[in-house]
2 protein chains.
Amino acid sequence: MQYSKSTDYALHALLHLGQSDRHNNVGIKELSVTLGVSESYLSKIMSKLRQDGIVRAVPGVNGGYELARPAEEITFLDVIQVIEGRQHLFECSNSNSQQHQLLAEAGDVPQEHERPKKIGCLVEKVMDGAEQHLHQYLREHTIQWVMDEAFKRCNHEVNKK
Amino acid sequence: MQYSKSTDYALHALLHLGQSDRHNNVGIKELSVTLGVSESYLSKIMSKLRQDGIVRAVPGVNGGYELARPAEEITFLDVIQVIEGRQHLFECSNSNSQQHQLLAEAGDVPQEHERPKKIGCLVEKVMDGAEQHLHQYLREHTIQWVMDEAFKRCNHEVNKK
DNA sequence: TAAATATGGACCCATGATGTCCATGATAAA
DNA sequence: TTTATCATGGACATCATGGGTCCATATTTA
Ligand code: SF4
Ligand code: SF4
């Protein structure tokens, strides 16, 4: 259970776009040599990012990519969800087993008025809770945050001299 | 990016063991029909759980599995790490690219005394931080917790009548 | 128009998840 | 001691997905 390499590439590509000047779009070629990934593969990733409104793309001579919105509005969660999809971390695969009856209905039979009762599974409750915590943290960190931190470190390094 | 079905099965198997009486071990056959999974496959999972000290197994007539320690000491994180492994959620795959130089050294050259400086990557810092939050939540929820909640619900249902 | 650039479909390969089957070993009951 | 019961682990089989390449096409600017 790991994030794919594509997520790695996407994050680094966005960081490069962020560091480049605004309104100065950078082509797939430059991104490719900077990240050390083939143009073919990287273009697939950039295409996804464009479809989800993270970057803008302009074809033709001197074309390329640029961030579609300020770097402080692009969170890690945004990027990850574009690449990895939005499926839940945990999805029950045997809700028709005997186990399910026990856990979901807690050994009791609530048959009045035929309500299915939608109590909500306890296992999913834990897993979804965990996922929420993960997502909250990823939502609080943006591309801009990384660039800011890098800048601070740079200054600190200079002051030490 | 999703937890595997094996994790699902492992959790449910442990819940079943927890609900069964202590010192009354349950065989792979019973687990198999309860969860609706083949004996062959489920036994692979139970074997893993045994190797990591989550359950105990005794062969022979009237043999089977039982929890190796109290249910309140078996966390969701324990189970997940046994099945999914202990690799990090994010592992950098291109630390020799040009990007890396920029981010890890923040555009500066700390060449005094040849220290590699081990500053720590900012991207990994975010991802590992997120992973810590995820793990913390999973560490706080145990097999016993699920059983307790199910019990509460059962009581609540009875009181309403 | 021509060169540069992004887009998207078709395809390939390696790896891992899921699952089955069987030979072997260990244990307790008869 | 014998035997039925049960767990263990290796060898496969199958399938989905990640990771990646190649090429034909469309779009834009010089
Ligand atoms: S109790 Fe929850 S996880 Fe278990 S089978 Fe039912 S829905 Fe699935
Ligand atoms: S900056 Fe971090 S994530 Fe990026 S290449 Fe270096 S180690 Fe990897």
Side-chain angles (χ1 to χ4, degrees), chain A residues 1-10 12-13 17 23-33 35-68 80 82-85 87 89-94, chain B residues 1-10 12-13 17 23-33 35-68 80 82-85 87 89-94:
Chain A
M1 227 275 301
Q2 248 193 192
Y3 285 134
S4 63
K5 290 192 176 190
S6 296
T7 295
D8 183 322
Y9 300 152
H12 283 80
L17 291 188
H23 293 294
N24 180 13
N25 44 20
V26 20
I28 193 69
K29 201 147 208 153
E30 179 178 336
L31 279 177
S32 170
V33 311
L35 303 196
V37 187
S38 82
E39 300 181 30
S40 307
Y41 193 41
L42 197 52
S43 67
K44 291 288 167 58
I45 297 169
M46 296 311 293
S47 202
K48 268 192 185 177
L49 290 174
R50 185 189 61 85
Q51 286 169 352
D52 276 62
I54 309 285
V55 302
R56 260 192 302 266
V58 349
V61 182
N62 280 358
Y65 299 94
E66 61 180 356
L67 298 184
I80 288 172
V82 167
I83 306 296
E84 307 282 337
Q87 355 140 29
L89 206 54
F90 176 85
E91 282 172 19
C92 170
S93 50
N94 49 347
Chain B
M1 229 275 300
Q2 247 193 194
Y3 285 134
S4 65
K5 289 193 176 190
S6 295
T7 295
D8 184 321
Y9 300 153
H12 283 81
L17 291 188
H23 294 293
N24 180 11
N25 44 20
V26 20
I28 193 70
K29 200 148 208 152
E30 180 178 334
L31 279 176
S32 170
V33 312
L35 302 195
V37 186
S38 82
E39 299 180 31
S40 306
Y41 193 42
L42 197 52
S43 67
K44 291 289 168 54
I45 296 169
M46 297 311 293
S47 202
K48 267 193 184 177
L49 290 174
R50 184 188 61 85
Q51 286 170 353
D52 276 60
I54 309 285
V55 302
R56 258 191 303 269
V58 351
V61 181
N62 282 358
Y65 300 94
E66 61 179 358
L67 298 185
I80 288 171
V82 167
I83 306 296
E84 307 282 338
Q87 354 138 32
L89 208 53
F90 176 85
E91 282 171 20
C92 169
S93 50
N94 49 346

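The sequence lines fix the lettering, A, B, ..., with proteins before strands; numbering per chain opens at 1.
The nearest whole Å value for the distance from the CD1 atom in B/Ile28 to the C1' atom in D/dA4 is 18 Å. Distance A/Leu49 CG to C/dA6 P: 14 Å, rounded to the nearest Å. At whole-Å resolution of the value, CG in A/Leu17 and C1' in C/dA6 are 14 Å apart. Computed from coordinates, the A/Lys29 NZ to C/dA6 C1' distance equals 13 Å when rounded to whole Å. Atom P of nucleotide D/dT5 and atom CD of B/Glu30 are separated by 16 Å, given to the nearest angstrom. C/dT5 atom P lies 13 Å from atom CG of A/Asn24, rounded to whole Å. In this structure, CD1 of B/Ile45 is placed 13 Å from P of D/dT8, rounded to the nearest angstrom. The separation between A/Asn94 atom CG and C/dT18 atom P is 12 Å, rounded to whole Å.
The shortest heavy-atom contact between B/Tyr9 and B/Leu35 is O-CD1, 3.6 Å. The two residues B/Ala68 and B/Gly53 make their nearest non-hydrogen contact at CB-O, 3.5 Å. Closest approach of B/Ser38 to B/Ser32, counting heavy atoms only: C-OG, 3.9 Å. The two residues A/Arg56 and A/Leu67 come nearest to each other via the heavy atoms NH2-O, 3.8 Å.
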Collect all protein-nucleotide pairs involving nucleotides 14-21 of chain D in which both atoms are nitrogen or oxygen and the distance is under 3.5 Å.
unit_1, atom_1, unit_2, atom_2, d
D/dG19, OP1, A/Lys5, N, 3.2
D/dG19, OP2, A/Lys5, N, 3.3
D/dT21, OP2, A/Ser38, OG, 2.4
D/dT21, O4, A/Lys44, NZ, 2.8

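A/Gln2 comes within contact range of no nucleotide atom at all, as no heavy-atom separation falls under 4.0 Å.
Atom CG in A/Asn25 sits 10.0 Å away from atom CD in A/Glu30 (nearest 0.5 Å).
Here B/Glu84 pairs with A/Met1, B/Tyr3, B/Ser4, B/Thr7, B/Ile80 under the side-chain contact (heavy atoms from CB on, under 4.5 Å) rule; sequence neighbours left out. In this structure, the side-chain hydrogen bond (donor to acceptor under 3.5 Å, both in side chains) partners of B/Ser93, at least two apart in sequence or on a different chain, are A/Asp8.
The phosphate of D/dG9 has OP1 or OP2 within less than 4.0 Å of a side-chain N or O from B/Ser47. Dashed line: the shortest gap from a side-chain N or O of B/Arg50 to OP1 or OP2 of D/dC6 is not under 4.0 Å.
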Can you give me every donor-acceptor pair (side chain of residues 41-50 of chain A, partner residue at least two apart or in another chain, under 3.5 Å) with its distance?
unit_1, atom_1, unit_2, atom_2, d
A/Tyr41, OH, A/Ser6, OG, 2.9
A/Ser43, OG, A/Glu39, O, 3.4
A/Ser43, OG, A/Ser40, O, 2.6

- Taking protein heavy atoms under 4.0 Å as touching, what does nucleotides 25-30 of chain D look like 5' to 3' if B marks base contact, S marks sugar-phosphate-only contact and - marks none? --BBB-
